[in-house]
Amino acid sequence: MPELPEVETYVRELAPLLGGRQVTQVQLLWPGVIAAPAASTFAAQLVGQRFVHFSRRGKYMLLGLASSWTLVVHLRMTGRLLLQNGSPPSHTHLILQLENGQQLFYQDARKFGRLWLVADPAPVLAKLGPEPFDPLFTPQALAATLAGRQASIKALLLDQRLVAGVGNIYADEALFRAAIHPARAGGTLLPAEVDLLHSAILQVLNEGIASAGSSLGTSGLQNYSRPGGAPGGFQEQFNVFRRTGAPCRHCDTPIQRLLLAQRSTHFCPRCQR
DNA sequence: ATAAGGCCCTGACCGC
DNA sequence: TGCGGTCAGGGCCTTA
């Protein structure tokens with residue numbers, strides 16, 4: 001599932017490919033994908049716009065246009081952006097024809113993803129917590145948000161109001177690196193553990209970005225790929241995520257799976273107590 | 001304010 | 001081979 005490293009990879013790889021390109025035609029095949037404005041006006045407002053700026057906030061992709069408007073994209077579970085020629089793949093819901101002959105496809109098998117075309121993206125992003133790489137996101141700030149919380153640390157890491165961009169994959173991997181059991185109540189973490197978790201979050205996100213994200217395609221849906229369709233590589237470095245029953249890379253104990261906050265959670269029962 | 005559960009979707013997978 | 005049931009899961013909404 002696209003989380004911060006996957007969205008960051010999109011931003012970095014789309015910038016040179018899409019920068020300066022102009023939208024000449026919009027085909028909206030499934031209007032439900034448009035969150036704002038009304039689907040009937042979305043296409044008309046996007047035609048003629050030129051992509052000039054590329055950034056990210058949490059798991060939201062921000063495609064800045066020459067008009068100063070922004071096309072905001074959230075891929076949720078299975079959303080993908082593909083910059084290609086030729087016929088659209090199955091589950092394509094939006095096609096942007098570009099002036100250079102290329103096409104930008106928005107594809108999403110489960111239809112969870114959404115796009116916004118807005119003058120100001122701030123309201124869309126209003127509920128997000130700090131960016132993990134923002135200097136304001138310090139161990140002390142993380143400790144303050146965890147203080148008194150009874151919910152599991154896994155559930156809290158998935159809450160985008162605490163820190164933006166961490167999803168199921170990187171939450172599990174960060175908790176393993178920090179040697180913290182995912183079911184621990186957030187408020188019970190000791191200061192030293194919060195420090196470990198803070199640096200583990202930054203570490204796994206950085207490693208994910210360095211590997212161009214995680215693609216899970218061998219079993220289950222191919223739910224993330226880079227703009228040209230190539231997979232990321234971080235799944236090769238998973239310590240726990242979707243490794244249920246496989247030996248822990250540190251101690252050989254079989255990785256276990258449990259359900260927290262309605263999300264599958266993977267951990268080593270020996271390394272994470 | 002916090003926590004928990006339901007909902008949206010549909011391909012993959014499992015058991016029969 | 002075919003079929004029905006179950007699962008996954010981010011963000012939003014409702015409920016307690």
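Each chain gets a letter, A, B and so on, in the order its sequence line appears, and its residues count up from 1. Keep in mind it's a predicted model, so treat the numbers as computed, not measured.
Phosphate proximity of B:dT10 to A:Lys111: present, with a side-chain N or O under 4.0 Å from OP1 or OP2. Between B:dC7 and A:Arg76, no contact under 4.0 Å exists linking OP1 or OP2 to a side-chain N or O. Using a 4.0 Å cut-off, some side-chain N or O of A:His74 falls inside it from OP1 or OP2 of C:dG11.
Set against B:dT10, B:dC8, C:dG11, the side chain of A:Phe112 has B:dC8 as its closest nucleotide. Distance from the side chain of A:Ser264 is smallest for C:dG9 among the nucleotides B:dG5, C:dG9, C:dG11. Taking only side-chain atoms of A:Asn168, from C-beta outward, the nucleotide of C:dG11, C:dG9, B:dG6 with the closest atom is C:dG9.
At a cut-off of 3.5 Å, with distance as the only test, a side-chain donor of A:Gln237 or A:Ser211 sits close to an acceptor on the other residue.
In this structure, A:Thr70 contributes its side chain and A:Val72 its backbone to no donor-acceptor pair below 3.5 Å.
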> Going through the distances and angles, do A:Glu6 and A:Tyr170 end up as a side chain to side chain contact (heavy atoms under 4.5 Å, CB included)?
Replying inline: CA-CA 11 Å; A:Glu6 290 74 29; A:Tyr170 296 91; 2.7 Å; yes

>> Could you go through A:Phe234 and A:Phe238, starting from their C-alpha distance and side-chain angles, then the distance that decides it, and tell me whether this counts as ring-ring contact (aromatic ring centres under 6.0 Å, His included)?
In response: CA-CA 7 Å; A:Phe234 191 60; A:Phe238 286 170; 5.8 Å; yes

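Residue A:Arg263 contributes atom CZ, which lies 7 Å from atom P of C:dG9 at whole-angstrom precision. At whole-Å resolution of the value, CD in A:Gln262 and P in B:dC7 are 11 Å apart. A straight line from CG of A:Leu115 to P of C:dG10 spans 18 Å, rounded to a whole angstrom. Here the P atom of nucleotide C:dG11 and the CD atom of A:Glu3 are 9 Å apart, to the nearest Å. Rounded to an integer number of Å, the gap from CZ of A:Arg110 to P of B:dC7 is 17 Å. Between A:His91 atom NE2 and B:dT10 atom P there is a gap of 8 Å when expressed in whole angstrom units. The distance between atom CZ of A:Arg242 and atom P of C:dC7, rounded to the nearest whole Å, is 15 Å. What separates NZ of A:Lys127 from P of C:dG10 is a distance of 17 Å, to the nearest Å.
Taking the six-membered ring for Trp and thresholds of 30 and 60 degrees, A:Tyr60 and A:His74 have ring planes more than 60 degrees apart, a perpendicular arrangement.
Tested against A:Pro182, the residues A:His266, A:Arg263, A:Gln272 include a single side-chain contact (heavy atoms from CB on, under 4.5 Å) partner, A:Gln272.
Residues of residues 29-37 of chain A having a heavy atom closer than 4.0 Å to DNA chain C: none are found. Only A:Gln160, listed by number, bring a heavy atom of residues 136-162 of chain A to less than 4.0 angstrom from any atom of DNA chain C.
Under 4.0 Å is where a charged nitrogen must lie from a carboxylate oxygen, and between A:Glu99 and A:Arg21 at least one such pair does. A salt bridge links A:Lys154 with A:Asp172; the closest basic N to acidic carboxylate O contact falls under 4.0 Å.
For A:Pro88, the side-chain contact (heavy atoms from CB on, under 4.5 Å) test picks out A:Thr92, A:Ile95, A:Phe105, with sequence neighbours left out.
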